[in-house]
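Everything below concerns the one structure shown next.
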Amino acid sequence: MNNPMLAAVRTLLKETFEGPEKNASWYTEAKPGSGLFGTLEKLSAEDASIPVNGTTIAAQTDHTRYYLWVANSYLNEEEPTKDWKASWKITNVDEITWAQFNNELKQEYTTLLKKVDSLDSSDELTSNGLLGAIAHSAYHLGSIRQMIKAIEVPSQT
C-alpha cells in the first residue's frame, strides 16, 4: 500500500478488531485477544444480555456492526436508510443470536478492511469516514471492556 494514511488506517482497524500485532500496541493492551473480537469471544449470550447503565454488550456489539455497515455503504457511494436507535433496543440475546451478531460484525469489518486495501487514495470524505470508523469502534471497544468489569465476567476480570 503506497498511501501512508491508508496503511495507518488498516493498522489501527486491525488493532481495534483483531488486537495488536506482536507485543506492541498503539492504544489497546499489548497482548493477544485485546481487540474487539478477542474480547467478545469470551462472552456468553447471557453475559452479553446483562444491562449496564441502560444498555447491554449485545446492543454495543450490534451498534458497532451497524456503524460499520453504514460506513461501508458510504464508501460504496450508497446512501443507506439509517435507524440508529434500532441497535440500542437490543436487550436479551440467545446463543444463536449472539453468534450471529459476532459473525455479522466480522463480516462488516472484513468488508471495510477490503475496501481500505482497494483504495488508491482518499479524499476528505473517505478519510473522515475511515478515521471515524476507527474512533467509533475503539470507543465501543472501551465501553464493552468497562461493561465487562461492571458485570464481573470471571473469564475477563
Side-chain angles (χ1 to χ4, degrees), residues 9-23 25-118 126 128-157:
V9 164
R10 187 177 208 294
T11 297
L12 296 176
L13 278 171
K14 286 188 78 164
E15 181 169 331
T16 303
F17 287 92
E18 298 177 39
E21 294 181 1
K22 303 177 187 165
N23 288 327
S25 170
W26 289 102
Y27 60 91
T28 59
E29 285 182 89
K31 65 179 187 180
S34 61
L36 193 53
F37 298 143
T39 300
L40 295 175
E41 74 184 13
K42 298 171 189 163
L43 299 174
S44 68
E46 183 180 0
D47 295 334
S49 299
I50 297 171
V52 178
N53 295 325
T55 189
T56 63
I57 292 171
Q60 293 271 344
T61 301
D62 191 57
H63 177 77
T64 304
R65 184 233 16 114
Y66 188 76
Y67 182 90
L68 292 183
W69 173 79
V70 170
N72 284 325
S73 297
Y74 280 122
L75 289 170
N76 288 327
E77 298 180 6
E78 300 166 356
E79 179 68 37
T81 302
K82 298 175 286 298
D83 182 0
W84 291 109
K85 294 179 182 180
S87 61
W88 294 116
K89 294 178 183 175
I90 295 164
T91 54
N92 293 319
V93 292
D94 59 23
E95 291 296 337
I96 293 170
T97 305
W98 180 233
Q100 178 184 342
F101 280 11
N102 282 282
N103 288 334
E104 290 175 357
L105 177 63
K106 287 177 184 173
Q107 289 172 358
E108 291 300 336
Y109 162 74
T110 300
T111 299
L112 182 60
L113 208 55
K114 286 179 183 175
K115 185 65 176 178
V116 169
D117 289 342
S118 73
T126 301
N128 288 339
L130 291 172
L131 295 175
I134 295 167
H136 192 97
S137 300
Y139 168 82
H140 288 288
L141 169 60
S143 294
I144 289 168
R145 292 186 70 173
Q146 291 302 308
M147 292 173 77
I148 288 168
K149 289 180 180 184
I151 63 174
E152 298 178 351
V153 176
S155 65
Q156 297 204 20
T157 54

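For the numbers below, each heavy atom of this structure counts, side chains included, while hydrogens, waters and symmetry mates do not. Quick caveat: nothing in here was measured; it's all calculated off a predicted structure.
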(request) Under the side-chain contact (heavy atoms from CB on, under 4.5 Å) rule, what do Ile57 and Ile151 come out as? Steps first, then yes or no, please. (result) CA-CA 10 Å; Ile57 292 171; Ile151 63 174; 4.0 Å; yes
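A donor-acceptor pair under 3.5 Å is absent between the side-chain atoms of Asn102 and the main chain of Glu41, judged by distance alone. Between the side chain of Ser34 and the backbone N or O of Gly19 there is no donor-acceptor pair closer than 3.5 Å. Counting only distance, with no hydrogens or angles, the side chain of Tyr66 and the backbone of Asp83 share a donor-acceptor pair below 3.5 Å.
Residue Ser87 comes nearest to Ala59 through the heavy atom pair O-CB, 3.4 Å, listed as atom of the first residue, atom of the second, then distance. For the pair Leu36 and Leu105, the tightest heavy-atom approach, listed with the atom from each and the gap, is CD2-CD2, 3.7 Å. Heavy-atom minimum distance, Asp47 versus Leu43: OD2-CA, 3.8 Å. For the residue pair Ser137 and Phe17, the shortest heavy atom distance occurs at OG-CZ, 3.3 Å. Nearest heavy-atom pair across Gln60 and Ser143 is OE1-CB, 3.6 Å. Between Gly35 and Leu141, the closest heavy-atom pair is C-CD1, 3.9 Å.
More than 12 heavy atoms of other residues, nucleotides or ligands sit less than 6.0 Å from atom CD of Gln100. Heavy-atom neighbours of Glu78 CD from other residues, nucleotides or ligands within 6.0 Å: above the threshold of 12.
Side-chain contact between Thr61 and Ile90 is absent, with no heavy-atom pair separated by less than 4.5 Å. With contacts defined as side-chain heavy-atom distances shorter than 4.5 Å, the pair Lys115/Asn76 qualifies.
Atoms CD1 and OG1, from Ile144 and Thr55 in turn, are 9.0 Å apart once rounded to the nearest 0.5 Å. Atom CD of Gln107 is separated from atom CG of Asn72 by 11.0 Å, given to the nearest 0.5 angstrom. In this structure, CD1 in Ile50 is found 10.0 Å from CD in Glu152, a value given to the nearest 0.5 Å. Going from atom CH2 of Trp98 over to atom CD of Glu95 covers 9.5 Å, rounded to the nearest 0.5 Å. Here NE2 of His63 is found 3.5 Å from NE2 of His140. Values are rounded to the nearest 0.5 Å. Between atom CH2 of residue Trp88 and atom OG1 of residue Thr56 there is a gap of 8.5 Å, rounded to the nearest 0.5 Å.
With Tyr109 as the fixed residue, the side-chain hydrogen bond (donor to acceptor under 3.5 Å, both in side chains) test singles out one of Lys114, Glu18, Glu104, Arg65: Glu18.
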